[in-house]
Peer 1: 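Have a look at the structure that comes next, please.
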There are 2 protein chains.
Amino acid sequence: MADATQEPEDGIWLYCSNSAVRRAARQLGRLYDDAMGDTGLKGTQFSLLSQIWRSGEPTLKNLAEAMVMDLSALGHTLKPLLRDGFVELVPDEKDRRVKRVRLTEAGEAIQRELTSRWQAAQSRFDAAFGKEKSEELRRMLAFISSPEFAERFTAG
Amino acid sequence: MADATQEPEDGIWLYCSNSAVRRAARQLGRLYDDAMGDTGLKGTQFSLLSQIWRSGEPTLKNLAEAMVMDLSALGHTLKPLLRDGFVELVPDEKDRRVKRVRLTEAGEAIQRELTSRWQAAQSRFDAAFGKEKSEELRRMLAFISSPEFAERFTAG
DNA sequence: TTAAAATACTGGCATATGCAACTAAATAAA
DNA sequence: TTTATTTAGTTGCATATGCCAGTATTTTAA
């Protein structure tokens, strides 16, 4: 308990997986944001643009699911990108409830620029953490992010 | 590129560590928030109260460093907890620039309640992910959150 | 001892996220 | 087909976080 003599390395993050992941997210957030440099965009925006590009005009619903993000949260996060003209929403042909996200010309251009910078950052990550362990870590995190894991967690 | 035929399991998070960690943080955020139930507090607040308790009246600076959080971000995050009377700021005796964070009576009470709920959630996490791998994961994340890692990453 | 530099915090502004309530549209049930 | 239910998004409100600029102190250098 309230014992100020403990080691600074000891903390809730060594026992709580949620605390551990968020703490690492803060550290990486800063590191990758820095890597995006003067582009004016952040690491999270790179992830989003990148996934939109990889998905090829996904619906908001599908994109949100892939990103394991709340649909409304995705909407909010997309605001600045829409405002700055990097993405646009196009109504679906068949289902009028559906909207698809698409990268604009400017969006593709900035995405290429960000990808280049991201690649450099990811290489530094792999070098600092070890390429093998790096891949293993991402696989672990992908599993934790899966519906199967949520199912197991909730059921347990 | 924009090839909609790809597997839904494929995504930027399999290549970008930052994307992978944030994605997992969103999943765990929801699972642990749910675990906090009707207490009105979230998993992040549990982490904070917990670390304050473990540190024994830390300075804002020290707490921010331990949590790998920006000092101003910590200040913002503490707002709701201060408003609801779970923590209080006490000026340091020696250095008048310094403020220390302390749990109030209500703060200790809610912290005990949250810890109980957190323990149940953490047990489910360990069961779903494997106790061994769970500990290994937290160690990996703790390393990634360390100044040494940031140093290696930035230098590399 | 006085001026310059480093510290610890605060406040404002911006993005990141989630939940609950609400609207529009499509689908299943009567 | 009329009605109930489910789906896909939107909007408002709240917490989470970070950067930058500004204030109060303390420490260091002249």
Side-chain angles (χ1 to χ4, degrees), chain A residues 18-19 21-34 36-49 58-65 67-84 86 89-101, chain B residues 18-19 21-34 36-49 58-65 67-84 86 89-101:
Chain A
N18 182 45
S19 303
V21 171
R22 296 193 73 94
R23 189 159 169 268
R26 287 191 290 270
Q27 170 95 299
L28 292 186
R30 293 200 242 186
L31 261 24
Y32 280 74
D33 276 358
D34 283 351
M36 296 303 125
D38 59 5
T39 61
L41 297 188
K42 327 233 293 180
T44 49
Q45 302 181 306
F46 158 72
S47 300
L48 211 43
L49 292 175
T59 67
L60 288 178
K61 185 77 194 318
N62 288 168
L63 181 58
E65 274 171 6
M67 298 294 284
V68 185
M69 190 179 285
D70 183 273
L71 176 58
S72 73
L74 172 61
H76 295 315
T77 303
L78 243 24
K79 287 282 174 60
L81 296 174
L82 281 163
R83 179 200 59 202
D84 299 332
F86 294 130
L89 296 180
V90 295
D92 184 89
E93 299 288 287
K94 296 70 178 277
D95 195 329
R96 285 190 299 174
R97 289 172 303 182
V98 177
K99 286 184 183 174
R100 289 171 180 283
V101 201
Chain B
N18 181 45
S19 303
V21 171
R22 297 193 73 95
R23 189 158 170 268
R26 287 191 290 269
Q27 170 95 298
L28 292 186
R30 293 201 240 187
L31 296 177
Y32 280 73
D33 277 358
D34 284 350
M36 296 303 124
D38 59 4
T39 60
L41 296 190
K42 326 234 293 179
T44 49
Q45 301 181 305
F46 157 72
S47 300
L48 211 44
L49 292 175
T59 66
L60 287 178
K61 185 77 193 318
N62 288 168
L63 181 58
E65 274 171 6
M67 298 295 285
V68 186
M69 189 179 285
D70 182 274
L71 177 58
S72 72
L74 172 61
H76 296 317
T77 303
L78 244 23
K79 286 282 174 59
L81 296 173
L82 281 163
R83 179 200 59 201
D84 299 332
F86 294 129
L89 296 181
V90 296
D92 184 89
E93 298 288 286
K94 294 70 176 281
D95 195 329
R96 287 189 300 175
R97 287 171 304 182
V98 177
K99 286 185 182 173
R100 287 170 180 284
V101 201

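Keep in mind it's a predicted model, so treat the numbers as computed, not measured.
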Peer 1: Residues two or more places apart in sequence or in another chain: which of them pass salt bridge (Lys or Arg N to Asp or Glu O under 4.0 Å) with A:Arg30?
Peer 2: none
Peer 1: Which residues within residues 89-101 of chain A lie with some heavy atom under 4.0 Å of an atom in DNA chain D?
Peer 2: A:Arg97, A:Val98, A:Lys99
Peer 1: Is a side-chain N or O of A:Arg26 found less than 3.5 angstrom from the main chain of B:Met67, in a donor-acceptor match?
Peer 2: yes
Peer 1: May I have the distance from B:Met67 (atom CE) to D:dG18 (atom C1'), rounded to whole angstrom?
Peer 2: 15 Å
Peer 1: Among all residues two or more places apart in sequence or in another chain, which pass the side chain to side chain contact (heavy atoms under 4.5 Å, CB included) test with A:Leu89?
Peer 2: A:Leu60, A:Leu82, A:Lys99, A:Val101
Peer 1: Without decimals, in angstroms, what is the distance between A:Leu63 CG and D:dG9 C1'?
Peer 2: 14 Å
Peer 1: In chain order, what residues pass the side chain to side chain contact (heavy atoms under 4.5 Å, CB included) check against A:Asp34, with sequence neighbours excluded?
Peer 2: none
Peer 1: Checking A:Asp95 now: which residues fulfil salt bridge (Lys or Arg N to Asp or Glu O under 4.0 Å) with it, not counting sequence neighbours?
Peer 2: A:Arg97
Peer 1: Expressed as a whole number of angstroms, how long is the span from A:Glu65:CD to D:dT7:C1'?
Peer 2: 11 Å
Peer 1: For B:Asp84, give me all partners under side chain to side chain contact (heavy atoms under 4.5 Å, CB included), at least two apart in sequence or on another chain.
Peer 2: B:Phe86
Peer 1: Report, as a single string ordered 5' to 3', how protein heavy atoms within less than 4.0 Å touch nucleotides 15-23 of chain C: B base, S sugar-phosphate only, - not at all.
Peer 2: SSBBBB---
Peer 1: Looking at residues at least two apart in the chain, or sitting in another chain, which of them share a salt bridge (Lys or Arg N to Asp or Glu O under 4.0 Å) with A:Arg100?
Peer 2: A:Asp92
Peer 1: Do any side-chain atoms of residues 40-48 of chain A form donor-acceptor pairs under 3.5 angstrom with protein atoms, and if so which ones, sequence neighbours left out?
Peer 2:
| unit_1 | atom_1 | unit_2 | atom_2 | d |
| --- | --- | --- | --- | --- |
| A:Gln45 | OE1 | A:Lys42 | N | 2.9 |
| A:Ser47 | OG | A:Gly43 | O | 3.1 |
| A:Ser47 | OG | B:Ser19 | OG | 2.6 |

